[in-house]
Colleague: 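Sharing a structure here in structure tokens format.
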Amino acid sequence: MKPNKRLPFLRAATATVVIAITLAVWLPARAAEPKTSTGNSSRQWSVQVIKVDPAGIELAEAFQVAIYENLLDELKKTKRFQQVLRDGNRNAAAVADLLILKTTVEKYAPGSETKRAVTTLAGATKLTVHSQLCTRDGKVILDRSIDGNVRFLGGNLRATHNLAHHIAEAIKKAPLPEGPETTP
Amino acid sequence: MNRTLVGIEPELHLRHARLRFGFGILLLLIWSIASARAQDAVAVDPQAPLSMHATHLLGFEDVKGNTNGTLSIQNGAVQFQKDGQPGVQVKISSIQGVFVGEQSKQVGGVPMTLGKAAVPFGGGRVISLFSHKKYDTVTLDYVDVDGGAHGAIFQLEKGQGEVLKQQLAADRAHVTPQVVGTTKQETTGAANEAK
């Protein structure tokens, strides 16, 4: 019996058609999904980042500043907030829908870049903080412990960047209150 | 008999080539470390006007992280200037705290790390033992015109952090005793300055 040379072509064509139909059905359905947390209402929120509270833990000032500055950068990158305000900014009083982000250090294990480079396994810098995002009237939106570590490559301060990135990711996923807050 | 010899020779050549390659990388890395340490040995003249080479790690507005430039004090402001670009200034009167710390870093950055990874027989790890350098980190806490808190971190050659801190204290920067969480890295914090 002579093998049908058209068979592979037919199979490929069928597969293409099936994929095209699947995409045609799936993509509009995905686009029509209701946007829960990043809808228009969330765009009205602004956030004020409070300076890091070491809570009695011996954390170098450079680390505290690095966490604070990296948090501001990472929150701006999320594009979820109308304004990202600094601690002490007088303009915050006039912002109607303001969230406040507090960061308290829970654990800190200073590492060593040289130890990491020599042993690979030892010398990790580990940093755990408690992040609390709340409205001005005290309604808590996010309240959890988040960590940022450096295990292999990079300097110790990189832990603060990783930590800030994780906090920003958590905030990005957290559902913000739909209704706007009252004007102060 | 011949077959065995033919099989061994390319293997020997390959091994020799690997050894030569590894030795070459080792020499290159040793040279990099030696040149880095030679730079380290440059003496700081305390009488010279305060201007020092620094690396901006983060915090200054409109300056990228890990940027090399010159940190100076002039006209009542701390200025960081990247070569050939206008400087970014912070008024000394707005500085709320100056903290000096110390950190040890591996020299050479990513190229060095890749080089060390390429050294055979774990030689890169041995090099890592000697290829680190101590730096001073200076953290400046300051406020903007709206009262917003800022922080900037600079990496300086060892010993220069203290010089900068003393100069800022002399220029009446607000060096406040707010170092509650002083660590070993922050051995010369502002608390001592206030005393």
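Here is the naming used below: chain letters follow the sequence lines, and residue numbers restart at 1 for every chain.
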Colleague: Are there residues of residues 157-166 of chain A whose heavy atoms fall under 4.5 Å of chain B's heavy atoms? If so, which?
Modeller: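 The list, in residue order, reads A/Leu157.
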Colleague: Are A/Val150 and A/Ile57 connected, step by step, through hydrophobic side chains (Ile, Leu, Val, Met, Phe, Trp, Tyr) whose heavy atoms are closer than 4.5 Å?
Modeller: no
Colleague: Given the rule that I, L, V, M, F, W and Y join up when any side-chain heavy atoms are under 4.5 Å apart, are B/Val100 and B/Val90 in one cluster?
Modeller: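 They do share one cluster, since a chain of ILVMFWY contacts under 4.5 Å joins B/Val100 to B/Val90.
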Colleague: Who pairs with A/Lys77 by salt bridge (charged side-chain N to carboxylate O under 4.0 Å, His left out), at least two apart in sequence or on another chain?
Modeller: A/Glu74
Colleague: Do you know which of A/Ala55, A/Ala66, A/Gly155, A/Ser112 has the most heavy-atom pairs under 4.5 Å to chain B?
Modeller: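 The answer is A/Ala66.
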Colleague: Is there a path from A/Leu71 to A/Phe81 through hydrophobic residues (I, L, V, M, F, W, Y) whose side chains come within less than 4.5 Å of each other?
Modeller: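 Yes.
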Colleague: If we count only N and O atoms by modelled type, under 3.5 Å, do the side chains of A/Asn156 and A/Arg116 hold a donor and an acceptor together?
Modeller: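 Side-chain D/A pair, A/Asn156 to A/Arg116: present.
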Colleague: Can you name the residues that form a salt bridge (charged side-chain N to carboxylate O under 4.0 Å, His left out) with A/Glu113, not counting sequence neighbours?
Modeller: none
Colleague: Can you confirm whether A/Leu99 sits close enough to A/Ile171 that some side-chain heavy atom of one is under 4.5 Å from a side-chain heavy atom of the other?
Modeller: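 In short, these two side chains do not touch, never coming nearer than 4.5 Å.
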Colleague: So if I take each residue of residues 56-64 of chain B and look for any heavy atom under 4.5 Å from a heavy atom in chain A, which residues do I end up with?
Modeller: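 B/Leu57, B/Leu58, B/Gly59, B/Glu61, listed by number.
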Colleague: Using heavy-atom distances under 4.5 Å, tell me whether A/Asn70 contacts chain B through its side chain, its backbone, both, or neither.
Modeller: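 Interface part for A/Asn70: side chain.
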Colleague: Let's go through B/Lys158 and B/Asp136 carefully: what are the C-alpha distance in whole Å and the side-chain angles of both, what is the deciding distance for side chain to side chain contact (heavy atoms under 4.5 Å, CB included) to 0.1 Å, and is it a yes or a no?
Modeller: CA-CA 5 Å; B/Lys158 191 162 166 50; B/Asp136 278 355; 4.1 Å; yes
Colleague: Heavy-atom distance under 4.5 Å between the side chains of A/Leu59 and A/Leu127, does that happen here?
Modeller: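 SC-SC contact between A/Leu59 and A/Leu127 confirmed.
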Colleague: Please tell me whether B/Thr139 and A/Glu61 have a donor and an acceptor in their side chains that are separated by less than 3.5 angstrom.
Modeller: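 Side-chain D/A pair, B/Thr139 to A/Glu61: absent.
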Colleague: Between A/Tyr68 and A/Asp87, is there a side-chain heavy-atom distance shorter than 4.5 Å?
Modeller: yes
Colleague: Is B/Val126 close to chain A through its backbone or its side chain, or both, or neither, when contacts mean heavy atoms under 4.5 Å?
Modeller: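 Looking at B/Val126, nothing touches chain A.
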